[in-house]
2 protein chains.
Amino acid sequence: MEHARDIFRRFGLRCTRQREMLYEALAATTSHPTAEELLAMVRESDTDLSLATVYNTLDAFSECGLIRRLSSLDGKGPCRFDATTSEHAHVLLPDGRITDVPEEISAGLVRAVNPSALSSLGGHLGVPSDRLRLRVTVEVVAEPGARESEDND
Amino acid sequence: MEHARDIFRRFGLRCTRQREMLYEALAATTSHPTAEELLAMVRESDTDLSLATVYNTLDAFSECGLIRRLSSLDGKGPCRFDATTSEHAHVLLPDGRITDVPEEISAGLVRAVNPSALSSLGGHLGVPSDRLRLRVTVEVVAEPGARESEDND
DNA sequence: TTTCCTGCAAAAGCTTTGCAAGTAC
DNA sequence: GTACTTGCAAAGCTTTTGCAGGAAA
C-alpha cells in the first residue's frame with residue numbers, strides 16, 4: 001500500500017497532516033462522504049480541523065485528479081467525494097447517498113459502451129476522444145406511490 | 001404539437017401564464033438553461049416574473065416528471081434543466097454548459113448497455129429494475145496543459 | 001526563507017421559504 | 001370559495017475567500 005506522502009508527491013501536492021488524514025479517511029471508506037461527513041470522520045483524531053480546510057483540501061485533490069468530485073442527486077444537497085478515480089459506475093440512491101456499482105456489474109455497464117460511438121462524439125465535438133470521460137450513473141427512482149420520506153440526516 | 005395546458009393537465013399541474021411561458025421556453029431551446037438563463041429568456045415577454053417563481057415552477061415540473069433537473073459539472077454552479085425526459089446522453093462541457101449527445105450517437109451509447117447488467121444491479125440492490133434509470137454522461141475534460149479560462153458568462 | 005496551508009469568520013452563490021395578494025379550478 | 005401560485009424579500013445551505021499565524025519544501 002503506497003503511503004499518502006508518496007501519492008501526494010506524485011501529484012505535486014504538499015504533504016500536511018490534515019491532507020494525510022483526509023485522504024486516508026476518504027480512501028478507507030466505501031461511502032462517498034460529503035465534506036461535512038468527512039470532517040466528522042476525521043474530527044475523531046483531530047479536533048481542530050476546519051470545514052474550510054476540508055473543502056480546500058478536497059478541491060486541491062480533485063483539481064489534480066487524485067480524487068473525484070461527485071455531484072449529488074440532481075444537484076440538490078452537498079457534493080460527495082470518491083477516492084477511486086477509475087472508471088466505475090455509481091448508484092444514486094433516493095435519499096441522496098451514492099454507492100458504487102459492484103465491480104462485475106460495473107464492468108458490464110461501462111464496457112458495454114460502444115467505443116466507436118465515443119469517437120463519433122469526439123468528432124462531432126471536435127475533441128480528441130481521449131479527452132472524453134464516460135460517466136455511467138444509475139439513479140434509483142422513488143417508488144411511484146411512495147410518500148416522500150426526507151430522512152436525510 | 002400538444003398544448004402546454006393539456007400537458008399540465010395530464011401531469012396534474014395547474015396552468016398559469018408563468019408556467020406556460022417557462023415550459024414553452026424550456027421546450028423550445030436545445031441548451032439546458034439554468035434558472036437564471038430561463039428567467040432572462042422569459043423576461044422578454046414578462047417583466048414581472050421572479051426568480052423564485054422560476055425555481056418553484058421548475059421544481060414542480062421536475063417533481064412530477066415533466067422535465068429533468070440536471071446537476072451541473074461536479075455540482076459546481078447552478079442546476080440546469082431539460083424539457084426532454086427521454087433517455088439520452090449528455091455532454092458536460094468544461095465551461096459548465098450541457099449539450100445533448102446527437103441522437104444517433106446517443107442511441108449507440110445507451111443501447112450498447114447490457115440490459116442484463118441493469119437487472120443484476122436491481123437484484124443486488126433489491127429494487128425492481130424498472131425503478132433504475134440509466135444516466136450516461138460524457139464529460140469533456142480540459143486539455144491537460146490548458147490555462148483555466150473561466151469565461152463562463 | 002519562501003511559499004503554501006490552516007483555521008476562523010465573513011462573504012458569495014444558489015435555492016427555498018414566509019407572507020400577502022392574486023388566480024385557477 | 002378554496003386551495004394553490006406569484007412576487008418580493010429574507011433566510012438557508014453549500015462552498016469560497018481574506019487574513020494572520022504556522023508548517024512544508
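Residue numbers start from 1 in every chain, and the chains themselves are labelled A, B, ... in the order their sequence lines are given, proteins ahead of strands.
- Sequence neighbours left out, not one pair with a member in residues 118-129 of chain A passes side-chain hydrogen bond (donor to acceptor under 3.5 Å, both in side chains).
- Residue Leu22(A) contributes atom CG, which lies 12 Å from atom C1' of dC5(C) at whole-angstrom precision.
- Straight-line distance from the CD atom of Glu20(B) to the P atom of dT6(D): 12 Å, rounded to whole Å.
- Taking atom CZ on Arg19(B) and atom P on dG7(D), their separation rounds to 11 Å, with Å as the unit.
- Note: CE (Met21(A)) to P (dT6(C)) measures 9 Å, nearest angstrom.
- Nearer the 5' end of DNA chain C, as judged by each residue's closest nucleotide, is the contact made by Ala60(A), out of Ala60(A) and Arg43(A).
- When the P atom of dT15(D) is taken as reference, atom CG of Leu58(A) falls 10 Å away, rounded to whole Å.
- As rounded to whole Å, 11 Å separates atom C1' of dC14(C) from atom CZ of Phe81(B).
- For the salt bridge (Lys or Arg N to Asp or Glu O under 4.0 Å) test, residues two or more places apart in sequence or in another chain that qualify with Glu20(A) are Arg5(A).
- Between the P atom of dC4(D) and the CD atom of Gln18(B) lies a distance of 17 Å, rounded to the nearest Å.
- With sequence neighbours left out, Arg133(B) forms a salt bridge (Lys or Arg N to Asp or Glu O under 4.0 Å) with no residue at all.
- Distance Leu39(A) CG to dT16(D) P: 15 Å, rounded to the nearest Å.
- Here salt bridge (Lys or Arg N to Asp or Glu O under 4.0 Å) pairs that include residues 114-129 of chain A, with residues two or more places apart or in two chains, number zero.
- With a 4.5 Å cut-off on side-chain heavy atoms, Leu26(A) and Phe81(A) count as touching.
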Readout for nucleotides 16-25 of chain C: B = base within 4.0 Å of protein heavy atom, S = sugar-phosphate only, - = neither; 5' to 3' it is BB------BS

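- The ring-ring contact (aromatic ring centres under 6.0 Å, His included) test applied to His88(A) returns His90(A), not counting sequence neighbours.
- Proximity note for Thr57(A) (side chain, C-beta onward) versus dC14(C), dT6(C), dT6(D): the nearest is dT6(C).
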